Number of protein chains: 2
Amino acid sequence: MGQYGLRERKKHRTRLALIDAALDLFAEQGYEATTVDQIAAAVDVSPRTFFRYFATKEDVALSLPLDGQEVMLAELAARPPEEPPFTALGHAMRAVVTGLEEADPADTARFLKARELIENTPALFAGSMRRLMGNEQRLTEEIARREGVGDDDLLTHFVVALFVSVARASFEHCQVDDILAAGSISGRLEAVLALAEGALRPGWDRPSARPQFIEGSSGQVAT
Amino acid sequence: MGQYGLRERKKHRTRLALIDAALDLFAEQGYEATTVDQIAAAVDVSPRTFFRYFATKEDVALSLPLDGQEVMLAELAARPPEEPPFTALGHAMRAVVTGLEEADPADTARFLKARELIENTPALFAGSMRRLMGNEQRLTEEIARREGVGDDDLLTHFVVALFVSVARASFEHCQVDDILAAGSISGRLEAVLALAEGALRPGWDRPSARPQFIEGSSGQVAT
DNA sequence: TGTCACTTGTCAGCGACTGTCATAAATTAC
DNA sequence: GTAATTTATGACAGTCGCTGACAAGTGACA
């Protein structure tokens with residue numbers, strides 16, 4: 001038997017089936033107009049079971065982008081500690097985007113479908129923001145840990161908040177067609193990162209204790 | 001026979017009564033544990049009427065900070081057009097904060113009560129973020145109008161997103177006790193604005209001032 | 001094969017929220 | 001001042017998101 005038992009594979013399959021069915025129904029008749037009962041019926045599952053897979057109706061639409069945020073966290077944790085905060089965040093983000101662009105086309109398509117839906121549905125967009133903000137907190141904690149400062153360090157909050165703004169700008173207002181053009185999403189990410197680099201003073205994201213070190217290291221790794 | 005008729009005054013009174021009752025109940029027994037029926041009963045009004053004043057249970061807690069955001073919009077619109085975007089945003093924000101600090105103590109207390117509640121209630125915090133993001137869009141449109149660029153201008157998005165991050169950092173993690181100390185909130189705003197000033201290159205928020213900076217810095221920060 | 005753990009369906013119920021209609025109160029017209 | 005009109009409210013019924021509890025089915029493992 002594979003590393004996953006029949007039970008786990010079955011669970012994974014119904015989970016994906018629920019996501020696909022939900023995404024289709026949402027696209028067809030709109031998010032609000034679709035009931036959980038309909039989604040459950042489409043997968044031939046009881047409505048109660050739906051809520052055993054997703055805590056809320058919102059979650060079924062947001063789960064994919066949410067997974068992406070988990071990857072981001074993991075990538076950030078893997079960055080070398082010497083890297084300045086903003087640089088590390090940028091590289092982690094690049095890893096997520098390229099990972100997405102190189103993934104199984106079916107997965108990529110699902111992801112883009114979800115993102116387009118979220119963009120065009122106010123309620124989902126709101127929920128997406130909520131999760132994003134929750135994630136910002138976790139990114140802040142990680143950066144604070146790396147830099148050896150407290151969770152309430154003002155500069156750390158500022159750095160992460162600024163980065164999240166950049167990340168948002170990269171993803172927003174991307175129509176699916178644009179994104180499907182090869183590398184468009186990472187291209188956009190680079191554009192916004194370059195914009196940020198151009199607006200910010202070198203070494204801005206570290207307390208000015210070691211300007212020359214930052215000068216030397218951040219200069220080459222950017223992009 | 002003032003400028004408002006009896007009807008309007010009555011409406012305004014019940015609206016405030018609903019907010020006060022809700023804030024009290026939320027503080028007492030928690031947001032989730034409080035039902036709309038309880039709030040309505042406390043003001044001696046039918047539950048149906050509650051929803052004629054507030055679209056959702058969330059709204060009754062968020063309405064005050066939301067009003068503040070409207071003021072922010074108005075203040076921004078009143079700034080002279082020559083002001084660079086970030087400067088104008090900063091001054092508008094200062095006007096909002098000082099306006100808040102100089103208001104009727106009862107109003108200020110209500111506002112702070114609402115903010116504290118939002119800070120400590122995940123569901124409300126999430127909702128607050130949602131509204132904030134909605135407002136960011138409006139700020140972006142206003143800045144784009146001032147600068148004579150399109151709604152999708154990348155720099156404009158970046159400037160506003162960055163500013164909103166700064167504004168958030170100013171308000172978050174402020175305990176009520178801290179804020180009640182005179183001017184504490186504007187003090188914090190100034191601190192974060194100063195932090196931003198120190199991190200950003202002069203003229204970063206206007207396209208015309210940027211070419212030589214990009215040229216000069218591209219060696220170390222880009223490509 | 002039988003035991004055990006886990007997943008699922010069914011049902012009953014709470015609470016947020018909405019449409020509808022009748023009533024009461026305030027505003028305006030005469 | 002009274003009548004007509006507009007507007008706020010209450011009462012009621014209903015939908016939908018979501019949860020707890022219990023029973024039945026299904027894979028895991030000895």
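The model shown is predicted, which means the values in this text are computed figures rather than measured ones. Lettering follows sequence order; numbering is per chain, from 1. Reckoned from all heavy atoms, side chains included, excluding hydrogens, waters and symmetry mates.
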Requested in this report: Identify which nucleotide among dG17(D), dA28(D), dC18(D) has an atom closest to any side-chain atom of Thr35(A), counting heavy atoms from C-beta outward.
Outcome: dG17(D)
Report summary line: Among dG17(D), dA26(C), dT10(C), the one nearest any side-chain atom of Val36(A) is dG17(D)
Query - Nearest listed nucleotide, side chain of Lys11(A), among dT7(C), dC17(C), dT7(D) - result: dT7(C)
Requested in this report: Might you confirm whether atom CG of Asp104(B) has over 12 heavy atoms from other residues, nucleotides or ligands at distances under 6.0 Å?
Outcome: yes
Requested in this report: Would you check if the side chain of Lys57(B) reaches a backbone N or O of Phe51(B) as a donor-acceptor pair within less than 3.5 Å?
Outcome: no
Query raised in the report: For the side chain of Tyr53(A), counting heavy atoms from C-beta on, which of dA26(C), dT7(C), dG9(C) is nearest?
Result: dT7(C)
Query raised in the report: Can a side chain N or O of Lys10(A) be found less than 4.0 Å away from OP1 or OP2 on dT26(D)?
Result: no
**Report entry** Phosphate contact (dG9(C) OP1 or OP2) by Thr49(A) side-chain N/O below 4.0 Å
**Finding:** yes
Report summary line: Among dC18(D), dG10(D), dT8(C), the one nearest any side-chain atom of Arg52(A) is dT8(C)
Query - Gap between atoms CG and P, on Asp59(A) and dG17(D) respectively (whole Å) - result: 14 Å
Query - Interatomic distance where CG belongs to Asp37(A) and P belongs to dT15(D) [whole Å] - result: 12 Å
Query - Euclidean distance, atom CZ of residue Phe51(A) to atom P of dT19(D) [Å, nearest integer] - result: 7 Å
Query - Among dG9(C), dT8(C), dC17(C), the one nearest Thr14(A) by side-chain distance - result: dT8(C)
Query raised in the report: To the nearest Å, how far apart are Phe54(A) CZ and dT7(C) P?
Result: 15 Å
Report summary line: Ranking dT18(C), dC17(C), dT9(D) by distance to the side chain of Arg48(B), first place goes to dT18(C)
